[in-house]
Amino acid sequence: MSAVARVTLPDGKVLEVPKNSTCADVAMQIGPGLARAAVGCVWNGELTSMEQRIHGDGRIAIITKKSEDYLRVVRHSAAHLLAAAVRELFPKAQLGFGPPTDEGFYYDFVVEEPFTPDDLAAIEKRMRELAKKGLPFERQEMDAADATAELKRLGYDLKAEYMAELVQAGEVISFYKNGDVFSDMCRGPHVKGFGSIPAFKIMSASGAYWRGDATGIPMQRIHGTAFFSQEELDLHLERIEEAKKRDHRKLGPALDLFSFHDVAPGFPFWHKGGMIVWREIENFVRGELEQRGYQEIRTPLVMTDELWRKSGHYDNYRENMYFVEKDDRSFAVKPMNCPGACIIYGSELHSYRDLPLRLGEFGFVHRYELSGVLHGLFRARGFTQDDAHVYCTPEQIEAEVLDCLDMLNVVYKAFGFSEIKQFLSTRPEKRMGEEALWDRAEAALTGALRAADIDYGLNAGDGAFYGPKIDNYLTDSLGRMWQCGTIQLDFQMPERFDLTYVGQDGNRHRPVMIHRAILGSMERFIGVLVENTAGKLPVWLAPVQAILLPITDKQIPYAETVAKRMTEAGLRVEVDRRGDKIGAKIRDAHGRKIPYQLVVGAKEAEADTVSVRPRDGEDRGAQPVGQVTEEIVERYAQKAHSPIQ
RNA sequence: GCUGCCGUAGCUCAGUGGUAGAGCACCUCCUUGGUAAGGAGGAGGUCACGGGUUCAAGUCCCGUCGGCAGCUCCA
């Protein structure tokens, strides 16, 4: 064994340091300035202190106050501050884990009673008092015996359990103390003291379990967040408010798109507005399918258990399936469309000339989801995939995957999404098939991603039970990522259904199957669209594209003539016939987020014009009906999603 | 599913053991008003459902259903 460890710096440079060096030693070797500025480091992706010992090769990033990762340090310290306040107010509270997260931090506690909102307010108040005192973090390393004694003194039984594991793993045990107020076993690093957390806030409390085990010890988790400045914290809180305003579960019913009811938990009811959006999306995708040589199919919702045994779903997916009994037979409601597609493929003989055979299906699938994970359209129990199954030869895989990636780009762009991120998910623990097939499938997907020059991320172990996949995430206007499309390779299903094609050599061969969805689920995608646009759907998707607002009843006939002309031009138009004043009608149309609000009074009726109030702009004044109609028709045709001004 | 919180009119919510409430929306009437809420009146309730405690339950207790947040981030 070598006595040196090779340490890779963020810029790719490699340093050799003696084993058992600390991160601080490494920083010093890079430069004394950096060593002085260092507040912690990231060792092999994990946040740790400068005292971390280096036992082998790895990657290091030194954190200074200027690093992005410094925010994680601040938040981790804020978690300690939270725990300190909790221990003062609830001396019997036992500590669990308290890490920083992407949004802030949390700390888990074992307490007799759940925290009330009043408790949280008191805890936050106490945190502010402690922060005012400064109370520097002081690191102290201990051997196992001392650490055990210290944890016993503090009454941290759970931590003692965890410490034993750490000692076993050869870790150095360290404590961080803040005066005589608080002490916690912790790897670090931390800010200077409780006074060095510029802005923080307690967000909420919820249930959790020791080490995430639902059969284990119940705990109470307090969530908070922290930032470098009050301004950034305020901005964060505003973003949360904005997201709340855009919540599709509120906007959807308010805009008459869809609703949920107790009689069908997890299953959306689609109203007229939602169906218009749905149809537009479906027709657009259908157009793409036609361009790309797909055939559209539809397979049954209910099929026998035998089919699902054959496909492997019965063994691998049963907990998520719905079953029905009739004629002493058991049937399952389809959770996926692939077996049905395989039945169609297998129903006739195929030549290599037929391949690739692309079968598309807007397939309505049902998956039982635990009640706690349901979330409006984002996580429903019944949803419609814009699914397709491509049967091809192994040689055709890359080209087909590339075509799917291209379709993804084209489709997402049409909905106003330009930022797409791909992740490759590799073999999961629960899987079917031989390792060699998995090797081949993973290599094929990697090849396509490289060929498309895509900078993808890796989700190791997150593949489907029948094959690896590429998941596609899009970023919305609030910077949130949504998983939509997926491209999955499958060497199993053709095997199980004994699917073949006749090759050039006259022999039967096994086709490869690619499962792919672009939008993912119609339901979820519409939910994403609603949140992304805050309900202000582009003209091509808007259930009502223009509304005529008569100043008085006398203009209703004129408004109806205009509406008729626009309807004949292919637009979706309404007339507001209610007896309200114009101000109220505008307010209402605006609330419904209708793109074009067209005011008609005596003057407009006289001149064959409408006064245009665009959704995103100011009153434009009177414009000829023909011109306005043309503008909307053009926007519709172009699927424009720019603001309407 | 588990933990916590919640469930009162279509929506947003008040009502803390003693006659079921408000605003908005809806309907009718008056008003026909030129750019983000005109006025008056009316109708609308098995207080999620089931059980219990009590002279009395929207309110307290138990259960069920449904909703929301969290349950992955590992000192």
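Each chain gets a letter, A, B and so on, in the order the sequences are listed, and its residues count up from 1.
- With rounding to whole Å, A/Arg187 atom CZ is found 13 Å from B/C73 atom P.
- Using a 4.0 Å heavy-atom criterion, one finds that A/Pro253 contacts no nucleic acid atom at all.
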Donor-acceptor contacts, no H, no angles, side chain residues 583-591 of chain A, under 3.5 Å, sequence neighbours left out:
{"unit_1": "A/Lys585", "atom_1": "NZ", "unit_2": "A/Pro550", "atom_2": "O", "d": "2.8"}
{"unit_1": "A/Lys585", "atom_1": "NZ", "unit_2": "A/Arg578", "atom_2": "O", "d": "3.3"}
{"unit_1": "A/Asp588", "atom_1": "OD2", "unit_2": "A/Arg578", "atom_2": "NH2", "d": "3.3"}

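- Rounding to the nearest 0.5 angstrom, the gap separating the CG atom in A/Asn320 from the NE2 atom in A/His366 is 13.5 Å.
- Both distances falling under 3.5 Å, in either a Watson-Crick or a G-U wobble arrangement, occur for no nucleotide opposite B/A57.
- Base pairing of B/A40 is made with B/U28, judged by Watson-Crick or G-U wobble geometry with both donor-acceptor distances under 3.5 Å.
- Salt-bridge formation is detected for the pair A/Arg153/A/Glu150: a Lys NZ or Arg NE/NH1/NH2 atom is positioned less than 4.0 Å from an Asp or Glu carboxylate oxygen.
- Atom P of B/A48 sits at a distance of 15 Å from the matching atom of B/A57, rounded to the whole Å.
- Using the Watson-Crick or G-U wobble rule with both distances under 3.5 Å, B/C5 pairs with B/G67.
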Check your understanding: What string of B, S and - do you get for nucleotides 33-38 of chain B 5' to 3' if you count protein non-hydrogen atoms under 4.0 Å?
Key -> BBBBBB
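- Pairing for B/A14 is absent, judged as Watson-Crick or G-U wobble with the two contacts each under 3.5 Å.
- The OH-C1' distance, from A/Tyr107 to B/C73, rounds to 15 Å in whole Å.
- Using a 4.5 Å cut-off on side-chain heavy atoms (C-beta onward), A/Glu88 and A/Phe182 make no contact.
- Using Watson-Crick or G-U wobble geometry with both donor-acceptor distances under 3.5 Å, B/U72 finds no partner in any strand shown.
- In this structure, NE2 of A/His223 is placed 13 Å from C1' of B/C5, rounded to the nearest angstrom.
- Distance NE2 (A/His76) to P (B/C73): 14 Å, rounded to an integer number of Å.
- Counting only residues at least two apart or in different chains, side chain to side chain donor-acceptor pair (under 3.5 Å) contacts with residues 456-465 of chain A are absent.
- Using a 4.0 Å heavy-atom cutoff across all strands shown, A/Leu549 reaches no nucleic acid atom at all.
- Distance CH2 (A/Trp43) to P (B/A75): 17 Å, rounded to an integer number of Å.
- When the P atom is used for both B/C60 and B/G17, the distance is 8 Å, rounded to whole Å.
- If you check residues 257-270 of chain A against RNA chain B, the residues with a heavy atom closer than 4.0 Å are A/Asp262, A/Pro265, listed by number.
- Residues A/Phe378 and A/His248 have side chains in contact (heavy-atom distance under 4.5 Å, counting atoms from C-beta outward).
- Residue A/Leu166 is classed as a base contact, given a heavy-atom separation below 4.0 Å to a base.
- Test A/Phe383, A/Trp270, A/Phe269 against A/Phe258 for ring-ring contact (aromatic ring centres under 6.0 Å, His included) and you get one pass: A/Trp270.
- Only the C1' atoms considered, B/C24 is 15 Å distant from B/A14, to the nearest whole Å.
- No side-chain heavy atom of A/Leu377 sits less than 4.5 Å from a side-chain heavy atom of A/Arg524.
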Give every pair of a protein N or O atom and an N or O atom of nucleotides 8-12 of chain B that lie under 3.5 Å apart, one pair per line with the distance.
{"unit_1": "B/U12", "atom_1": "OP1", "unit_2": "A/Lys250", "atom_2": "NZ", "d": "2.8"}

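- Each of A/Trp210, A/Tyr107, A/Tyr106 was checked for a ring-ring contact (aromatic ring centres under 6.0 Å, His included) with A/Phe97, and the lone residue meeting it is A/Trp210.
- B/A40 and B/G51 have their C1' atoms separated by 46 Å, given to the nearest Å.
- B/U64 and B/U3 have their P atoms separated by 10 Å, given to the nearest Å.
- The separation between A/Arg72 atom CZ and B/C73 atom P is 12 Å, rounded to whole Å.
- The separation of B/A69 from B/A20, taken at their C1' atoms, amounts to 31 Å, rounded to a whole angstrom.
- Closest to the side chain of A/His375, from the set B/A69, B/A75, B/G1, is B/A69.
- With P as the reference atom, B/U53 and B/G41 are 46 Å apart, rounded to whole Å.
- When the side-chain nitrogen and oxygen atoms of A/Arg221 are compared with OP1 and OP2 of B/C73, none of them lie within a distance under 4.0 Å.
- Nucleic acid contact class of A/Gln220 (heavy atoms, under 4.0 Å, all strands): sugar-phosphate only.
- Pair check for B/G50 finds B/C62; Watson-Crick or G-U wobble, both atom distances under 3.5 Å.
- Contact annotation for A/Val172: base contact, defined as any heavy-atom pair under 4.0 Å involving a base atom.
- In this structure, A/Arg249 places its CZ atom 14 Å from C1' of B/G66, rounding to the nearest Å.
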Report, one line per pair, each donor and acceptor closer than 3.5 Å where one atom sits in a side chain of residues 592-600 of chain A; sequence neighbours left out.
{"unit_1": "A/Arg592", "atom_1": "NH1", "unit_2": "A/Glu574", "atom_2": "OE1", "d": "3.1"}
{"unit_1": "A/Arg592", "atom_1": "NH2", "unit_2": "A/Glu574", "atom_2": "OE1", "d": "3.2"}
{"unit_1": "A/Arg592", "atom_1": "NH2", "unit_2": "A/Glu574", "atom_2": "OE2", "d": "3.2"}
{"unit_1": "A/Tyr596", "atom_1": "OH", "unit_2": "A/Glu631", "atom_2": "OE2", "d": "2.5"}
{"unit_1": "A/Tyr596", "atom_1": "OH", "unit_2": "A/Arg635", "atom_2": "NE", "d": "3.4"}
{"unit_1": "A/Gln597", "atom_1": "NE2", "unit_2": "A/Ile594", "atom_2": "O", "d": "2.9"}

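- A donor-acceptor pair shorter than 3.5 Å cannot be found between the side chains of A/Trp482 and A/Glu531.
- Between A/Phe109 and A/Phe90, the ring center distance fails the sub-6.0 Å criterion.
- Within the 4.5 Å cutoff, side-chain heavy atoms of A/Met50 are placed close to those of A/Cys41.
- With ring centers used as reference points, A/Phe200 lies 6.0 Å or more from A/Phe105.
- Annotation: B/U19 and B/C47 have their C1' atoms spaced 15 Å apart (nearest Å).
- If you measure from atom CE of A/Met203 to atom C1' of B/G4, you get 17 Å, rounded to the nearest angstrom.
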